[in-house]
Each structure stands twice: as C-alpha cells, then as structure tokens.
Undergrad: 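Take this structure first; my questions come after.
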Amino acid sequence: MDMGRRLWLARVPAVATTMVVMLSLSSSLCVSAAARAGAGTAGAVAEQQRHPVVLIPGAGGNQLEARLTEDYKPSSLVCRVWPLVRGRGGWFRLWFDPSVLVAPLTRCFAERMTLSYDADADDYRNAPGVETRVSDFGSTSTLRYLDPNLKLLTGYMNTLATTLEEKAGYEEGRDLFGAPYDFRYGLAGPGHPSQVGSGYLQRLRLLVESACAANGGRPAILVAHSLGGLFALQLLARSPPQWRAAHVRRLVTLSTPWGGSVQEMLTFASGNTLGVPFVDASLIRDEQRTAESNLWLLPTPKVFGNTTLVVSRSHNRSYSAKNMTQFLRDIGFEEGVEPYRARIRPLVEALPEPGVPVTCLVGTGVDTVESLVYGDGGFDEDPDEVVYGDGDGTVNLASLVGPIKAWSDSPTQVVEVVELPRVSHSGMLNDKSALEQIIRIVDSINFNATSYYQSS
C-alpha cells in the first residue's frame with residue numbers, strides 16, 4: 001500500500017459477506033426485472049456493465065438562476081436594472097456571475113441571494129420578489145463550470161466528470177449524471193419542515209432510481225463533494241434498507257465536513273470571500289449568515305466539544321461549539337439563534353450510518369483555520385490572530401475523519417478512509433492522486449459487476 005496515504009477498512013467478515021450477497025441479490029433482481037421488460041440482447045447488456053455514477057456538488061458548486069418579480073424591492077437603481085440582458089422568462093444566472101466582483105453589483109448579488117427564516121412556517125424562504133431555480137437537473141452541465149463563458153476560471157467538477165468519461169468509459173446522460181441543487185438551503189432535524197432541502201432529496205432519489213433502471217438495474221455510485229456528502233448521507237439515512245441495497249452500490253465522499261468547520265465561524269463573524277478576488281467580505285457577510293446550509297456547517301459539539309474556537313476581546317468571551325447560540329448573539333445575528341437551536345442542533349447531534357459501503361477521501365496537511373482571536377474592534381473587523389491546524393484548508397481533520405470512526409466499529413457498516421497529503425478541499429476535484437483513487441473505486445465496482453454478469 002502507498003505509504004503516502006493511510007487506509008483503514010473496518011468490517012466483520014461474516015456480516016460484510018452477508019451485505020455483499022444482499023447487494024448482489026438486489027442487483028440481480030433489478031436486472032431480472034429489466035430483462036423481463038425487454039432490456040435487450042446479451043450484447044447490449046455487455047455494453048452497459050458500468051454502475052451509473054451520480055455527481056453531487058458542494059456548496060456553491062453549481063449554477064443558480066434567478067428572476068425578479070414586481071415584489072422585488074431593489075436597494076438601488078443599479079439593482080433595479082441589472083442585469084441588462086436576461087434570458088427567456090426573465091431568468092438570469094445568479095451564481096456564478098463575474099458582476100459580483102464589482103462593488104455596486106456585489107450588493108445586488110447579496111440581496112438576491114439572501115434567505116429569511118419564517119418563524120410561523122418554521123422554514124426558510126427567498127427574499128421577496130426573488131425566484132430561483134436550478135436548471136438541467138440530472139445533467140452535469142451546471143456543475144462542470146460555474147460560468148460557461150469563463151470555463152478557464154470557473155471549472156468545478158469538469159475535470160472529475162471528464163476523467164470518468166475518458167478513463168472509465170462513462171457517458172453523459174447514459175451512465176453519468178449530475179444532481180445540482182440550491183445550496184443556500186439545508187435540512188432540519190426531526191419534526192421541522194425543509195421544503196426546498198427535502199424536495200431536493202426527493203428529486204435525488206428519483207434520479208438515482210432512473211439511473212439504476214436505465215443501466216440494467218445496477219445500483220448507482222454516489223460521488224459527493226463537501227456539503228453534497230451531507231445531503232447524500234441524509235438521503236440514505238432517510239431511505240429504507242431495501243431501497244439502499246437496490247439502488248446505491250457505494251457512497252464516495254470527497255472532503256465532506258461531517259462535523260462542520262471552524263472556518264464557518266469566520267464566515268458568520270466577519271464574512272468570507274471564499275477566495276473570490278476584489279470582493280469586500282463585509283458586503284456579503286449578512287447574506288452568508290442567512291444561508292440555512294451555513295448554519296449546518298458550523299462546528300458541531302460532537303466533534304469539537306468544549307475546545308475554544310473563537311476569542312472576542314471586545315466581549316471578553318470565548319466560544320466553543322457548545323455555546324454556539326451565544327456566539328450567534330454576540331456577532332449580532334440574533335435571528336439565527338432559534339433556527340440553529342431548534343432545527344440544526346438536533347440534525348447534527350448524531351451522524352447516522354449510511355447503510356451502504358462508504359469510501360471517504362480526505363485531504364490532509366493543508367493549513368486550516370483552527371481558532372480565531374478578535375480584538376477590541378469586534379466582529380466587524382478581521383480577526384487579529386488566526387491559528388491554523390491540520391485539514392484540507394477548509395475543513396478541519398477532526399471533522400473529516402473523527403465522526404466516521406464510529407462507523408468502523410459497526411458490524412454492518414463497511415468504511416474505507418483514504419487520506420491524501422497536501423490535497424486541498426477544492427483540489428480534491430482536480431488532484432491527480434484523488435482522481436486516481438476515484439477511478440480505482442469505480443473500476444473495482446464495475447469489474448466485479450462485469451465478472452458477475454459474465455458468470456451468470
């Protein structure tokens with residue numbers, strides 16, 4: 001084994017064998033059903049030995065469109081008329097558009113991206129007069145590039161998708177699919193509605209089912225980056241075991257923040273441009289605070305415990321994951337306290353088992369925000385001191401691997417963790433060693449499928 005990475009695979013042999021048999025049996029039942037429906041000749045079956053792959057992006061990892069109605073109240077004349085050119089029905093690309101780099105237009109972008117929490121409905125809503133949509137669901141088109149006119153600068157999952165096509169024989173729309181979503185929204189704990197997030201899980205479920213049916217009944221491989229891994233886990237946890245066994249062969253997660261990230265506290269406190277040049281963090285901070293998914297990505301008590309993550313000299317107070325509500329109050333985001341307490345905290349208290357084999361690829365050895373110290377100027381200024389630790393540059397190592405160690409102790413859960421030194425959070429989608437690992441996993445699954453069908 002390559003000593004440049006650490007690999008641990010935990011299973012109880014007898015139980016794991018039972019799981020494999022169940023997965024194979026469910027696959028064969030799907031194939032038999034497809035054959036009875038007229039799946040085609042043996043040559044056609046041989047043509048389609050690949051398990052379908054569904055790519056699930058992370059936050060900000062796909063295009064998002066918007067249109068403005070008469071209820072929209074712009075903050076300026078510029079926001080009223082921008083963009084000058086819009087598509088059919090008034091739709092335009094909200095994310096990503098290079099106009100966000102221009103200060104007056106940054107404000108327009110922020111007010112259109114803003115969500116609000118409706119306490120009466122106990123759910124999140126778009127800003128008044130702003131309608132949003134995700135186009136081309138099922139296709140990888142909107143997650144390959146965030147701006148199709150700036151492919152060189154806004155590539156996201158294109159390298160990964162192209163590698164699957166060129167190295168593993170996948171084809172867009174046949175056995176390679178994309179599941180974009182409105183990444184501002186998230187999910188909530190039991191008993192709380194999440195209309196947009198739950199709607200996405202339903203669309204994702206139907207996409208996986210159709211991908212399975214279109215490929216001889218073979219269960220899909222879910223490849224999810226960052227926040228997408230949390231959505232994929234919730235899809236599996238909220239599905240019956242029979243559905244998981246029949247429709248998902250393996251979950252492959254890339255840089256998933258199972259226990260949140262300290263960097264999110266920086267986002268909430270003083271804003272975070274996420275590396276986008278020329279953008280004033282203060283112009284987008286309020287909008288970033290309103291994103292339901294950002295609350296979901298705050299450090300969880302289960303992983304970070306009582307460890308001091310932020311110190312505020314102006315408030316003479318320190319904050320850990322266990323007093324997050326006080327942190328939200330002190331930064332001036334009182335409206336986030338109740339949704340975090342009632343909706344998010346119950347969601348992150350436990351990390352359910354996926355119920356399918358999992359491979360987690362994580363980057364290590366990249367400086368990652370571990371704690372922040374704010375001075376007398378308070379949270380409206382950048383932190384005076386930033387302490388860095390291990391991780392992938394965005395997510396702390398404790399969050400990348402800590403929560404899933406419990407899965408390795410389960411007699412029914414197969415877990416593989418691959419650590420990739422010096423691979424960053426976004427680099428996971430382009431780094432050669434990461435792409436090689438993804439192809440290894442996919443090829444291994446497809447080879448077993450081919451062997452199964454040839455011996456049947």
Side-chain angles (χ1 to χ4, degrees), residues 1 5-31 49-56 164 168 170 175 177 179 204-205 208-209 211-212 215 217-225 228-256 258 351-362 400-401 403-420 428 434 436-453:
M1 182 177 69
R5 66 177 189 273
R6 189 176 73 207
L7 177 69
W8 29 285
L9 176 62
R11 71 169 84 180
V12 175
V15 177
T17 301
T18 302
M19 287 181 63
V20 172
V21 171
M22 289 178 64
L23 287 168
S24 299
L25 178 58
S26 64
S27 298
S28 64
L29 290 174
C30 277
V31 172
Q49 290 304 298
R50 283 175 292 274
H51 286 255
V53 168
V54 178
L55 301 180
I56 307 173
L164 288 166
Y170 279 84
D175 45 25
F177 306 91
L204 179 57
R205 179 193 304 276
V208 170
E209 290 174 356
C212 173
N215 287 273
R218 282 175 291 282
I221 304 169
L222 307 184
V223 180
H225 181 234
L230 298 181
F231 272 105
L233 176 62
Q234 289 298 320
L235 170 70
L236 295 168
R238 300 180 187 199
S239 299
Q242 297 86 348
W243 187 91
R244 295 195 298 257
H247 294 96
V248 179
R249 179 65 183 87
R250 181 173 286 263
L251 171 61
V252 181
T253 63
L254 316 173
S255 308
T256 293
W258 304 111
L351 197 68
E353 292 182 10
V356 301
V358 180
T359 297
C360 302
L361 271 61
V362 302
L400 290 167
V401 301
I404 56 178
K405 287 181 178 178
W407 295 348
S408 65
D409 296 329
S410 171
T412 59
Q413 182 63 59
V414 177
V415 182
E416 178 189 31
V417 175
V418 181
E419 294 185 4
L420 301 171
M428 189 65 70
E436 287 176 347
Q437 287 297 322
I438 296 169
I439 294 300
R440 170 188 67 82
I441 297 161
V442 170
D443 280 351
S444 173
I445 293 171
N446 288 332
F447 175 78
N448 290 334
T450 300
S451 301
Y452 170 79
Y453 287 105

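In this chain, residues are counted from 1 in sequence order.
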Undergrad: Just verifying a value: how many Å separate L230 CG and T256 OG1, rounded to the nearest 0.5 Å?
TA: 6.0 Å

Undergrad: How long is the straight-line distance from CG of L251 back to CG of L236, given to the nearest 0.5 Å?
TA: 6.0 Å

Undergrad: To the nearest 0.5 Å, tell me how far R50 CZ sits from L164 CG.
TA: 10.5 Å

Undergrad: With distance as the sole test, does S444 use its side chain to make a donor-acceptor pair with the main-chain N or O of I441 at under 3.5 Å?
TA: no

Undergrad: What pair of heavy atoms forms the shortest contact from G355 to Q413, and how long is it?
TA: N-OE1, 3.0 Å

Undergrad: Quick one: which of Q234, R205, H247 gives a side-chain hydrogen bond (donor to acceptor under 3.5 Å, both in side chains) with S239?
TA: R205

Undergrad: With a 4.5 Å heavy-atom cut-off, do W258 and V362 have their side chains touching?
TA: no

Undergrad: Give the minimum heavy-atom separation between A220 and V208, together with the two atoms involved.
TA: CB-CG1, 4.2 Å

Undergrad: Atom CG in D175, atom CD1 in I221: separation rounded to 0.5 Å?
TA: 10.0 Å

Undergrad: Any heavy-atom pair between the side chains of V401 and E419 that's under 4.5 Å?
TA: yes

Undergrad: A side-chain contact here means heavy atoms from C-beta on lying under 4.5 Å apart; do L204 and V54 qualify?
TA: yes

Undergrad: Within a strict 4.5 Å, meaning less than it, do heavy atoms of the R440 and V418 side chains meet?
TA: yes

Undergrad: Kindly indicate whether the side chain of P219, heavy atoms from C-beta on, has any atom under 4.5 Å from the side chain of R250.
TA: no

Undergrad: For R249 and P357, work out which heavy atoms get closest and say how close.
TA: O-CD, 3.5 Å

Undergrad: Looking only at non-hydrogen atoms, find the nearest pair between A168 and D443 and report the distance.
TA: CB-OD1, 3.9 Å

Undergrad: Restricting to non-hydrogen atoms, name the atom on A224 and the atom on A232 that form the minimum distance, rounded to 0.1 Å.
TA: CB-CB, 4.3 Å

Undergrad: Of the non-hydrogen atoms in F177 and A211, which two are nearest, and what is the gap between them?
TA: CE1-CB, 3.5 Å

Undergrad: Taking the side chain as C-beta and beyond, is there a heavy-atom pair between H51 and N446 under 4.5 Å?
TA: yes

Undergrad: Mind checking the OG1-CG spacing from T253 to L233? Nearest 0.5 Å is all I need.
TA: 9.5 Å

Undergrad: Are any of the side-chain heavy atoms of L222 and F231 separated by less than 4.5 Å?
TA: no

Undergrad: Do the non-hydrogen side-chain atoms of W407 and V417 ever get within less than 4.5 Å of each other?
TA: no

Undergrad: Is the backbone of C360 close enough, under 3.5 Å, to the side chain of E416 for a donor and an acceptor to pair up by distance?
TA: no

